Each structure stands twice: as structure tokens, then as C-alpha cells.
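This one's a predicted model, so the numbers in the text were calculated from it and none came from an experiment. Numbered from 1 within each chain, the chains take letters A, B, ... in sequence-line order.
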Amino acid sequence: MRLSRYFLPVLKENPAEAQIVSHRLMLRAGMIKQQAAGIYSWLPLGYKVLRRVETIVHEEQQRAGHIPLLMPTLQPADLWRESGRYDDYGQEMLRIRDRQDREMLYGPTNEEMITDIFRSHVASYRDLPLTLYHIQWKFRDELRPRFGVMRGREFLMKDGYTFDVDREAAMHAYNRHMVSYLRTYERMGLTAIPMRAASGPIGGDDTHEFLVLAPTGESEVFYDEAVTTLRLGNRQIDYDDRAAVAEICAEFTRLYARTDETHDPALFAAIPETQRKVGRGIEVGQIFYFGTKYSAPMGATITNAAGERVAVHMGSHGIGVSRLLGAIIEASHDDRGIIWPEGVTPFHAAIVNLKPGDAAADAACETIYGLLRERGLEPLYDDRDARAGEKFATMDLIGLPWRITVGPRGLAGGKVELTSRRTGDSEEMSPEAAVARVAEIYAGS
RNA sequence: CGGGGCGUAGCGCAGUCUGGUAGCGCAUCUGCUUUGGGAGCAGAGGGCCGGAGGUUCGAAUCCUCUCGCCCCGACCA
């Protein structure tokens, strides 16, 4: 993409309404525009990152064997009367009447609807296990939306629903989600720690939240520092191997890590003092096993191997997709702007032409631009007639991890400059070498 | 929902107390100069001061109502 033809409305000054850094940076980098309290338009740059995050979530869900579908945003109230949640959910649920005066709602979640789909089409244990998920916009009419997309009213969420014949099978589904989530967050450059959580209004017997450590997090967290060093890396995972999946979960939940809701001071005190940490975290996902909470009242039953009709065991598992953008920025920025992890960056590299109009600079930029695209990478080429300082400041703000700087001075010696946004380190090399280096960096991700 | 605050040009703000018909910086446009970290000079355009009603000769300014947004708390993915 050539910046001269893109739509990137960056702001030089901080918008007055944004308090926390991710909100400020998303507004300043031209990623979002607020349309009402807690409701945002996603401008091209923000939309691009949102799609990258969404794609990673899709890929990891399907890698774990989960099946995508798409349910509507608007739901009939009657479905929610069956589970009893129409009255329980309270003012957070946005209730709407259509022109026929039918009661509808903008879905805050989809347990009822997925249970309805399941009971309509599945009757036998032979069709289990089954995990269906979708990535869809939700609405929760928060009393006080804040922190930009981290606590909006409208938000994009991946929610997955597991159907199993018994508790043991359902726990495997739970574990499978935990591992797939760990992998999802790692690909986004995040360290998200699973913490035992309280169940909340969705209900559940067993539940973990995934928290990204950040000083601006909404929850207070208590953890053993060693938990922050755990990584899945690129190990092979067989998602059908119950024992192997359970072992990975054990590895990641063995160490103490809890939110203030479930914190146990006695257990915490048993951790060596130097490793005992108290901090704050942003919740970016949650997994629940809730058994027959919805299947029993809604009649989602199957016939088991013994010929008995039993309510199916369910779980629901969510990732806050739009919220993740805020969390990633909270975890990865500096005073000049965002620093995108390679896995989610909107463009793979910046090309900064320091002197548009200079034949050599223009030609070198075009060459680099073409070569990167041939390698399947998306560069953002700043071909504007602007000063160097402004170009650098813009690229720093929008946070592309790699920048190739092209100017007559370097080109006199046949060199361009490759700069890491994260470290600030620069190296001079030929245009071809810079392209090869960038391609190599992304080859793994 | 309790408490606090703010709506004036695209953005950030002053002006409101003490009424007299709107200003600054950035951005935008034009010209010249400049050109490796958000340039300089000169000029130009852009606002029924969130909305409605009221008081007044006269309202951004005072009064009433209303809408929107932000912050702290409670609540929440």
C-alpha cells in the first residue's frame, strides 16, 4: 500500500477523552473512531489488525478441531425465556422490539441459540464430541463503557460451545480450549496467563480466565513469577490425545496464578518470596465448563450408549477479539507509539522514501516494494512529499515492526537502512538484503 | 446507578465568574524557502459557541429543561 493513497487519519495531539495508552494510541494512529459511548468504527488500519487477530483465532480454533459457523446478532427473546436468563440478565442486555412488536435482543452471548441449534439436529452420542464456534459482534449495554475497545458496549468475540456425552469428555474439551488459547495468544506476541476464576453470570463449575499482564488491567492478579516464563513454543500438539492435552494444561496451571476474586493468601504465601508477584491484568479470554445448565432446561438431550436419554454436557469458551487489540497495545508500546508484534502487524514493513522525486530513491523504493510483495508481504510505502521527521513519527506511531529507510545519502553507497521498531537498532545493507532479512523474519510466523 | 467534570473551527484549548455579537496553537489551502526525527516566512478559508425555551435593547456568557461525552466508584468479557 502506498501511503499517499491510503486512508490513515493520524492525530498529532492526544484526544481529550482517551485516558489509557491503548485507547489514545488507537485514536492517534487512526485505527478507530468513536461513534457513541463504547461503540466504534474500525478505520482501515484498525480493521486490518482486527482481521489479523481474527484470522489467528480462526486458524487456531480449526487446528484444534473446532467448527466455525455464524449466528445472528439479533435473537428472539423467547429463546432466553427458556433458560431463564431473559429476566436474569438485567439492564446489560439490549432489548429491542421489531415492527410486529416481537421482543428481540442484541445478543450478549449465544448459549441459548447454540443449544437450540444442537437440540434441533443432534440426538445421539455417536455425533459427539462437537465443538461449534463463531466470531460475531456482541452487545452488552455497559453502564460505563471505557478504555476504548477494551470495554466497549459493542465488541467482537469468539465464542465456542462444546457438547459432550459426559463430564470427563467435556473436561477434555475444556483442556483443548485452554491449549488452543495459549497457542493463539502466543502467536499474537502476548503472554496470557490462565488463572482460576470465579464463574460470574454465565455460570460454571470450572473456569479459567486468561490475563495479559499490564499496569492498566482491570483485575488485580497474584502469581508466581515463574508462570510468566512458560511457553508452548512450536511443540507438536495432538488435540485428540486427552492425556497429552491435560498434561500441557497442568504445566500451565500448576503454578499459582489467580485474580483477586479467587485469591488465596495462604497458598500465595507458600511461594518463595522473590517469586511472589502482585500486578494487574487484562482479561482476554475465559473458558467454562457448566455441565447441563442450559441443556437441561432447554431439552438438549442425547441418547447415550446405554440407550438412556441424558442432557448433554456443555461448556462455553470465549476470546475477546476486539479487546485483544487494546491488550496487545497495552503490552507493547513506548512513548512514541505502538509496537506491533510480527504476528498481528497491519503491514509487515514500512518503506520510508526520504526524498520522493529523487530518481534513485524512487527507483529503490519501488524495487523494495515490489520484492516484498513478491514474497507475499505487505509493505506500507510512505511516498508522500513530507519531511523525514514526520514520516518517522507516523511510522513510529502506527508501530510497524520493521522500517526500511531509503535516501540519497545511503543510496550513494548502495545501501538502505533496516530499523527495528522495538529496539531502535539500525543496520545498513543493500535493498535486496533488507528484503531478504524481512522475509526471513516473517518466515516463521 | 451514586459522585464529579466537560460540550466553542477537523484536533487541543482560551473566552463564561463580571452579557456588548468569537480567539489562540496544530491541521487544511496558496506562494516562496527548506528537506535524515512532527520545518520557516507570508497570505487564505473554516465555527447559527451541543439543542430547545426563557431573561435582556443585546446571550458562548445569566436562568430552566434537554441531549451527548469523559473521570472516580459500584458493575462487567
Side-chain angles (χ1 to χ4, degrees), chain A residues 9-20 23-24 27-28 30 33-39 89-93 107-110 136-159 181 192 197-202 204 207-212 217-219 259 261 281-288 316-324 326-327 335-337 352-358 361 382 384-398 403-412 415-417 419 424 426 428:
Chain A
V10 299
L11 305 175
K12 207 165 181 177
E13 291 176 273
N14 279 324
E17 74 270 18
Q19 299 299 312
I20 66 164
H23 189 193
R24 270 206 311 269
L27 289 165
R28 284 197 53 209
K33 169 170 168 48
Q34 180 169 324
Q35 304 291 175
I39 299 177
Y89 219 94
Q91 293 296 302
E92 261 195 16
M93 183 152 73
T109 178
N110 286 68
Q136 177 63 293
W137 292 94
K138 308 283 193 290
F139 195 91
R140 290 183 194 169
D141 198 2
E142 296 280 348
L143 224 38
R144 191 188 156 205
R146 61 184 122 171
F147 305 149
V149 300
M150 293 227 292
R151 190 166 167 200
R153 291 193 294 171
E154 187 183 50
F155 56 97
L156 188 63
M157 182 176 172
K158 171 261 161 184
D159 42 328
Y181 281 22
S199 61
I202 291 172
T207 175
H208 280 84
E209 291 177 340
F210 291 78
L211 287 108
V212 172
E218 73 271 50
S219 316
T259 66
E261 292 176 320
I282 300 165
E283 188 190 332
V284 293
Q286 186 157 12
I287 52 178
F288 292 100
S316 76
H317 310 87
I319 291 180
V321 174
S322 47
R323 160 178 277 213
L324 267 168
D335 55 4
R336 294 194 311 248
V352 171
N353 187 343
L354 291 174
K355 191 158 187 175
D358 177 273
D382 191 345
R384 297 173 305 167
D385 182 20
R387 302 172 65 81
E390 186 180 346
K391 294 186 175 193
F392 292 148
T394 298
M395 289 303 186
D396 287 348
L397 175 62
I398 70 170
R403 186 184 80 209
I404 299 171
T405 309
V406 180
R409 193 180 297 173
L411 283 178
K415 306 280 191 185
V416 298
E417 191 178 75
T419 306
S426 276
E428 294 211 323

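- Looking at A/Arg144, its side chain has no donor and acceptor atom pair within 3.5 Å of the base of B/rC70.
- The same atom, C1', is picked in B/rC62 and in B/rG20; the two are 14 Å apart, to the nearest Å.
- With rounding to whole Å, A/Glu261 atom CD is found 11 Å from B/rC75 atom C1'.
- Contact check, A/Gln34 against B/rC70: a side-chain N or O comes under 4.0 Å of OP1 or OP2.
- Nucleotide B/rC26 holds its P atom 17 Å from the CG atom of A/Asn14, rounded to whole Å.
- With C1' as the reference atom, B/rC69 and B/rU8 are 15 Å apart, rounded to whole Å.
- For the C1' atoms, the distance linking B/rA60 with B/rA44 amounts to 26 Å, nearest Å.
- Rounded to an integer number of Å, the gap from CD of A/Gln19 to P of B/rG73 is 12 Å.
- Proximity of A/Leu354 to A/Arg409: side-chain heavy atoms (C-beta onward) are nowhere separated by under 4.5 Å.
- Regarding A/Leu27, its CG atom lies at a distance of 17 Å from the C1' atom of B/rA27, rounded to whole Å.
- Tested against A/Ile319, the residues A/Gln286, A/Lys158, A/Met157 include a single side-chain contact (heavy atoms from CB on, under 4.5 Å) partner, A/Lys158.
- Across all strands shown, B/rC69 forms a Watson-Crick or G-U wobble pair with B/rG5, both key distances being under 3.5 Å.
- Counting heavy-atom neighbours within 6.0 Å of A/Glu428 CD, excluding the residue itself, gives a total above 12.
- Remark: the separation of the C1' atoms in B/rC24 and B/rU34 is 26 Å, to the nearest Å.
- Rounded to the nearest Å, the gap between the C1' atom of B/rC26 and that of B/rA9 is 12 Å.
- Among the atoms of the strands shown, none is found under 4.0 Å from any heavy atom of A/Pro9.
- In this structure, A/Glu13 reaches the bases: a heavy-atom distance under 4.0 Å links it to at least one base atom across the strands shown.
- The residue A/Gln91 sits apart from the nucleic acid: no heavy atom pair falls under 4.0 Å.
- Searching all strands for a Watson-Crick or G-U wobble partner of B/rU61 with both distances below 3.5 Å returns nothing.
- Mapped onto RNA chain B by nearest heavy atom, A/Leu143 and A/Ala18 fall at different nucleotides, with A/Leu143 at the one closer to the 5' end.
- Under the Watson-Crick or G-U wobble criterion, with both distances below 3.5 Å, B/rA74 is left unpaired in every strand shown.
- Within 4.0 Å of A/Gly38, counting heavy atoms only, lies no atom of the nucleic acid at all.
- Within the 4.5 Å cutoff, no side-chain heavy atoms of A/Met150 are placed close to those of A/Glu218.
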Every protein N/O within reach of nucleotides 3-6 of chain B N/O, cut-off under 3.5 Å:
none

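- Rounded to whole Å, the separation between the P atoms of B/rU30 and B/rU64 comes to 49 Å.
- Residue A/Arg140 places no side-chain N or O under 4.0 Å from the OP1 or OP2 atom of B/rC75.
- Across all strands shown, B/rU33 is found opposite B/rA39 as a Watson-Crick or G-U wobble partner, with both distances under 3.5 Å.
- Taking 4.5 Å as the limit, some side-chain heavy atom of A/Thr405 sits within range of a side-chain heavy atom of A/Phe392.
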**Complete:** The contact string for nucleotides 34-39 of chain B, one letter per nucleotide 5' to 3', using protein heavy atoms under 4.0 Å with B, S and - for base, sugar-phosphate only and none, comes out as BSBBBB
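- Using C1' as the reference atom, B/rG7 and B/rC49 are 10 Å apart when rounded to the nearest Å.
- In this structure B/rG45 sits in no base pair that meets the Watson-Crick or G-U test at under 3.5 Å.
- Rounded to a whole Å, the CZ atom of A/Arg146 is 8 Å from the C1' atom of B/rG73.
- Comparing the same atom, P, in B/rU21 and in B/rC13 gives a spacing of 26 Å after rounding to whole Å.
- The shortest side-chain heavy-atom distance between A/Arg140 and A/Tyr89 falls under the 4.5 Å cut-off.
- As a whole-Å value, the separation of A/Glu142 CD from B/rC1 P is 15 Å.
- For the pair A/Glu218 CD and B/rC71 C1', the computed distance is 17 Å after rounding to whole Å.
- Here B/rC24 sits opposite B/rG12 as a Watson-Crick or G-U wobble pair (both hydrogen-bonding atom distances under 3.5 Å).
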